[in-house]
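To start, the structure itself, in structure tokens.
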Number of protein chains: 2
Amino acid sequence: MAEGRRRDAAATRSAILASARRSFARSGYDGAGVREIAEGAGVTAMMVNRYFGSKERLLAAVVADIMAEPSILTAANLEAPDFAARMAAILVDITRAGTTPLDGFLIMLHSASSERAAEIGREQIEAHYHRTLTAALDGDLSAERAGLLLAIVAGVQVMRQMIGLPALAHADPDVLRELLEPIFEQLLKPKDS
Amino acid sequence: MAEGRRRDAAATRSAILASARRSFARSGYDGAGVREIAEGAGVTAMMVNRYFGSKERLLAAVVADIMAEPSILTAANLEAPDFAARMAAILVDITRAGTTPLDGFLIMLHSASSERAAEIGREQIEAHYHRTLTAALDGDLSAERAGLLLAIVAGVQVMRQMIGLPALAHADPDVLRELLEPIFEQLLKPKDS
DNA sequence: ACAGTATGTCTACGAGCGTAGACTTGGAGG
DNA sequence: CCTCCAAGTCTACGCTCGTAGACATACTGT
């Protein structure tokens with residue numbers, strides 16, 4: 001087991017959770033193995049099941065953990081007058097090459113081929129991101145506009161981090177920000193029928 | 001083996017290719033099994049390897065086959081004056097619930113957790129979609145704008161077909177079209193510095 | 001100091017995966 | 001008609017996966 005830690009249940013649980021988060025973000029639900037996750041936490045595979053019951057329950061714990069954290073959609077950001085600009089800046093920064101801070105989306109995207117994982121992701125995305133964003137939008141069609149905003153966030157993540165399309169992955173962040181801002185602006189501003 | 005066909009190499013090859021396309025689109029590269037693909041083609045698993053060498057080579061064949069087909073980015077569409085509207089309409093129609101006509105993106109998205117599959121997908125996307133679209137755009141930053149367009153296409157696919165976010169999956173197609181069109185317009189129109 | 005329990009490990013299982021080689025069978029040409 | 005090669009199948013391999021139960025060990029309360 002890990003050197004620094006000896007027989008600390010809470011710390012072990014956290015270590016497994018953190019390792020699972022990294023592995024799921026990198027390889028998706030199916031791609032990440034319990035043994036690999038355990039090794040990343042400095043324990044054996046069985047500890048995963050001891051602490052979380054099963055791999056599926058582990059994923060649910062990871063996703064719940066992530067959703068509890070602040071995100072692009074914090075209240076502070078949602079109420080700011082320059083929300084579009086903030087959102088563009090955060091999205092570009094967060095999806096830069098070599099980093100995976102927005103694990104929530106990434107895990108779900110990588111895991112979406114697994115039926116069960118997709119379901120867990122959909123519930124969490126809808127409950128946290130989509131509901132919050134919809135509530136923050138004024139005007140008609142707020143649910144659809146919120147959905148499209150999330151779709152764009154997801155798409156940028158996919159192309160920059162999963163596919164690694166060079167034109168986006170290696171683009172000048174300022175350029176991307178300037179291109180994305182008016183798009184966000186367009187979806188954020190009230191739509192009256 | 002299949003009833004209607006008896007000992008026809010070309011037909012068997014096509015059947016395997018078509019079945020693989022369905023399976024890869026549904027479950028991704030890792031999720032789809034060779035036995036399942038073979039069964040969908042009415043043959044045994046070994047035929048897959050006999051005809052395509054390996055599962056990886058089969059994926060490459062499927063992707064190449066898909067890329068050779070006409071897509072949103074046909075020359076006719078690219079040159080049309082109302083390209084943004086066309087693109088929005090096609091995207092919405094193509095990602096409606098229950099259908100998976102744009103297998104190319106979908107397979108790649110579902111398979112992106114597999115390192116090798118992501119590489120195959122990136123090459124094909126860049127060579128076909130991104131290059132074509134970039135060339136069709138006037139003005140500055142055409143590569144970045146093309147990349148963002150593809151990102152939005154990917155994002156809408158992800159949210160509607162993979163995640164199945166209800167607000168998008170069950171939305172009125174006309175509403176989505178109207179929301180997407182100005183966004184595409186914005187990225188398509190020349191950007192001069 | 002010692003017992004008891006929480007913590008962690010070891011070995012192993014059944015299943016599914018991609019793949020390989022030997023075998024069988026159908027169907028067309030002489 | 002009969003032969004022979006393409007077309008397809010069968011059995012099985014080595015591997016990895018998630019999971020289970022029995023076992024070992026370190027900490028803690030008394």
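These numbers were taken from a predicted model, which means no experiment stands behind them. Throughout, protein chains are lettered first and strands after them, A, B, ... in sequence-line order, and every chain is numbered starting at 1.
Distance, B/Arg50 CZ to C/dG21 P: 12 Å, rounded to whole Å. If you take CG of A/Leu59 and C1' of D/dG18, they are 14 Å apart, rounded to a whole angstrom. In this structure, the CD atom of A/Glu39 is 13 Å from the P atom of D/dT16, given to the nearest Å. Summarising the geometry, the separation between CE on A/Met47 and C1' on D/dT25 is reported as 12 Å, rounded to the nearest angstrom.
Remark: B/Phe24 CZ to B/Lys55 NZ distance equals 6.0 Å, nearest 0.5 Å.
In this model, the phosphate group of D/dG8 is approached by a side-chain N or O of B/Thr12 to a distance below 4.0 Å at OP1 or OP2. Using a 4.0 Å cut-off, some side-chain N or O of A/Tyr51 falls inside it from OP1 or OP2 of C/dG8.
The main-chain N or O of A/Ile163 is found under 3.5 Å from a side-chain atom of B/Arg122 such that the two form a donor-acceptor pair.
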Report all interatomic pairs (protein N or O, nucleotide N or O of nucleotides 18-20 of chain C) with separations under 3.5 Å.
{"unit_1": "C/dG18", "atom_1": "OP1", "unit_2": "B/Ala32", "atom_2": "O", "d": "3.4"}
{"unit_1": "C/dG18", "atom_1": "OP1", "unit_2": "B/Lys55", "atom_2": "NZ", "d": "2.7"}
{"unit_1": "C/dG18", "atom_1": "OP2", "unit_2": "B/Val34", "atom_2": "N", "d": "2.8"}
{"unit_1": "C/dG18", "atom_1": "N7", "unit_2": "B/Arg35", "atom_2": "NH1", "d": "2.9"}
{"unit_1": "C/dG18", "atom_1": "O6", "unit_2": "B/Arg35", "atom_2": "NH2", "d": "3.0"}
{"unit_1": "C/dT19", "atom_1": "OP2", "unit_2": "B/Lys55", "atom_2": "N", "d": "2.9"}
{"unit_1": "C/dT19", "atom_1": "O4", "unit_2": "B/Arg35", "atom_2": "NH2", "d": "3.4"}

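Looking at residues two or more places apart in sequence or on another chain, you find a side-chain contact (heavy atoms from CB on, under 4.5 Å) between B/Pro182 and A/Gln186.
Heavy atoms from other residues, nucleotides or ligands lying under 6.0 Å from CD of A/Glu39 number 12 at most.
Closest heavy-atom contact between B/Val158 and A/Ala154: CG1-CB, 4.5 Å. Residue B/Ala45 comes nearest to B/Arg35 through the heavy atom pair CB-CG, 3.8 Å, listed as atom of the first residue, atom of the second, then distance.
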